[in-house]
Protein chains: 2
Amino acid sequence: MEKTLRADARRNREKIMVAARELFAREGEDVQIEQIAAHAGVGIGTVYRHFPTKQDLVTELVRSRFQQFTEIALAAEEIEDPAEAVATLFTESANAVEGDAGFQMAIMGVEDLEWEGIEEEKAAFAGPATRIIERAVKAGAIRPDFSFDDFPMLMCGITSTMYFGPGGGEWRRHLDLILAGLRPG
Amino acid sequence: MEKTLRADARRNREKIMVAARELFAREGEDVQIEQIAAHAGVGIGTVYRHFPTKQDLVTELVRSRFQQFTEIALAAEEIEDPAEAVATLFTESANAVEGDAGFQMAIMGVEDLEWEGIEEEKAAFAGPATRIIERAVKAGAIRPDFSFDDFPMLMCGITSTMYFGPGGGEWRRHLDLILAGLRPG
DNA sequence: CACTATACGGAACTAAGATTCCGTTTGTCA
DNA sequence: TGACAAACGGAATCTTAGTTCCGTATAGTG
C-alpha cells in the first residue's frame, strides 16, 4: 500500500512531516498549513494531498511522540530500583515533551480530544507504564493509592506548566513536588 | 465617573457581566460575543459599548476572580496551624476555579498573557499568600525551598487537570499529591 | 413637554486561516 | 519515447468570529 506511492510523493510526505514536526514543536498548534508547506518547500495543495486535515497532521505527530513514550517506559522498566523506575518514567517523559509546544497544546486541548487513531499507541504505552507503577506500589516504594490512571492527568499538569515564567524550566519544581508527593506514608 | 452612566446603561452593563460570567464559566473562552449578547438580552453593539474588546471582558472577569483569591488568602491567614493554612490556600483556590472554564483557559493561555490591568489585584493577593507560605516554612511545616513564586505555576498545573476524565474531580488527586509533596524532608 | 447627549441594535465589514479546485507537471510503465 | 494516472502548486473560496457603523430609541434635564 505504501509502495503505491510515487517516488516524489513519498519524498514530499517526508519533507512535510519533518517541517511540521519542527514548526509545531517551536510554535505550537497555531502554525498555519501555509507555513508548513513553505517550510517544507511544497505547495499547500500537496500538504492537503497527504493530510486531508490539519488535525490529521497533528495526530500523526502525536502518534510518534507516544511511540517515544513507549520506548521510554520500556527502558525504565529495566531499572531495578522500583522508585527510581517511576521517577525516571515521569522525568524522561516530561523531558521528551519539553521542547514540543505542539504536543503540549495537543494533550492539553480542551475540546474534541478524541485521540482517534491513537488508541493503539496509548495501549502500547500503558502496558510497561502500568507494570512500573504496580511494581513500585507492591514494593512499598510509592503510596499505595497511586495507579497508572493518574499518570496521564499528571503529565497533563506538568506539561501545562512548561509555559510558565520567562526562561521556563520551572516545571521541574512541579515535577519535583509530585515525585515527592508519591512517597509512601 | 460611574455616576455618569445612564441608568439603562448601568443596568445593561450588569446584565452583560452576569451573562458573560455564566457563559465563560460554562463554555470557556470560546463563547462568542454574539452568544453573550443574546444571553444578556442586549445587542452586540451594546456589549462593545461597554467592553471595546472581548479581551476586556475576559480581563474584567479574571479580575473579580483574583479578588476572590485575595479573600480566600486573607481568610486562610487566620488559621493557626501553618500547614493547614497552606493547604487551605491551595484547596480553596482550586475549588473556586473548578467550575470556571473561562478562567482556567485564561490562566493557561499560552500567548499574550500580559495580564495588563490585573497587576493590582495580583499584588493584593501576593501579600497574604506570601505570608502564609513563609510562616509555614519558618515553622518547618513545609519544605524550606518552597516559596510563593511556585504558587501560580502550581495552580496553573492543577487547573489544567480539571478537564481530565469524564466526571472530573480527578484533579483533586493531583492537588493531593502536590500537598503531600510539600511536606518537609 | 421638547431637546440633546447617551445608549441601543444588529446588519455589514474584516481578517485570518482552513480547505477546495483545477490547470499544469512529472513519475512510471510498456 | 509516448501515454496517462498520480502529484503538484497556489489562487480562489469558504467559514468563522471579532469589530465597526450608523440610523433609531430613550434617559435626563430645563
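Numbered from 1 within each chain, the chains take letters A, B, ... in sequence-line order.
- Residue A/Glu120 qualifies as open at atom CD: its count of foreign heavy atoms under 6.0 Å is 12 or below.
- The 5' end of DNA chain D is approached more closely, in terms of each residue's nearest nucleotide, by B/Val31 than by the other of B/Ala7 and B/Val31.
- Between A/Arg63 and A/Glu60, at least one side-chain N (NZ, or NE/NH1/NH2) sits under 4.0 Å from a carboxylate O, which counts as a salt bridge.
- Counting only N and O atoms by type, the side chains of A/Arg172 and A/Asn95 include a donor and acceptor under 3.5 Å apart.
- Sorted by residue number, the members of residues 33-40 of chain B with any non-hydrogen atom under 4.0 Å from DNA chain D read B/Ile33.
- Look at CZ on A/Arg10: it is 10 Å from P on D/dA7, rounded to the nearest Å.
- Look at A/Thr46 and you won't find any side-chain N or O under 4.0 angstrom from OP1 or OP2 of D/dA7.
- Comment: B/Arg143 engages A/Asp176 in a salt bridge, judged by a side-chain N to carboxylate O separation of less than 4.0 angstrom.
- With rounding to whole Å, B/Arg49 atom CZ is found 14 Å from D/dC22 atom P.
- For the OP1/OP2 pair of D/dA7 and a distance below 4.0 Å, the side-chain nitrogens and oxygens of A/Asn12 include no atom meeting the criterion.
- Counting to the nearest Å, the C1' atom of D/dC8 and the CG atom of A/Leu5 are 14 Å from each other.
- Heavy atoms of other residues, nucleotides or ligands lying less than 6.0 angstrom from CD of A/Glu34 number 12 at most.
- With DNA chain D read from its 5' end, the first of the two nearest nucleotides for B/Gln32 and A/Val42 is the one closest to A/Val42.
- With rounding to whole Å, A/Tyr48 atom OH is found 12 Å from D/dC14 atom C1'.
- Under the ring-ring contact (aromatic ring centres under 6.0 Å, His included) criterion, B/Phe151 pairs with B/Phe90, B/Phe125, not counting sequence neighbours.
- The hydrophobic cluster containing A/Ile79 does not contain A/Ile72, counting ILVMFWY residues as joined when their side-chain heavy atoms lie under 4.5 angstrom apart, directly or transitively.
- For B/Arg6, the listed nucleotide lying nearest its side chain is D/dT26; candidates were D/dT19, D/dT26, D/dA5.
- Here the P atom of nucleotide D/dA7 and the CG atom of A/Asp8 are 7 Å apart, to the nearest Å.
- We find the CG-CG distance between B/Leu57 and B/Leu23 to be 10.0 Å, quoted to the nearest 0.5 Å.
- Atoms CD1 (A/Ile44) and C1' (D/dC14) sit 14 Å apart, rounded to a whole Å.
- Atom OG1 of A/Thr91 is separated from atom CG of A/Leu175 by 4.5 Å, given to the nearest 0.5 angstrom.
- Once you apply a 4.0 Å limit to the heavy atoms of chain B, the touched nucleotides of DNA chain C run 5' to 3' over C/dA5 to C/dG10.
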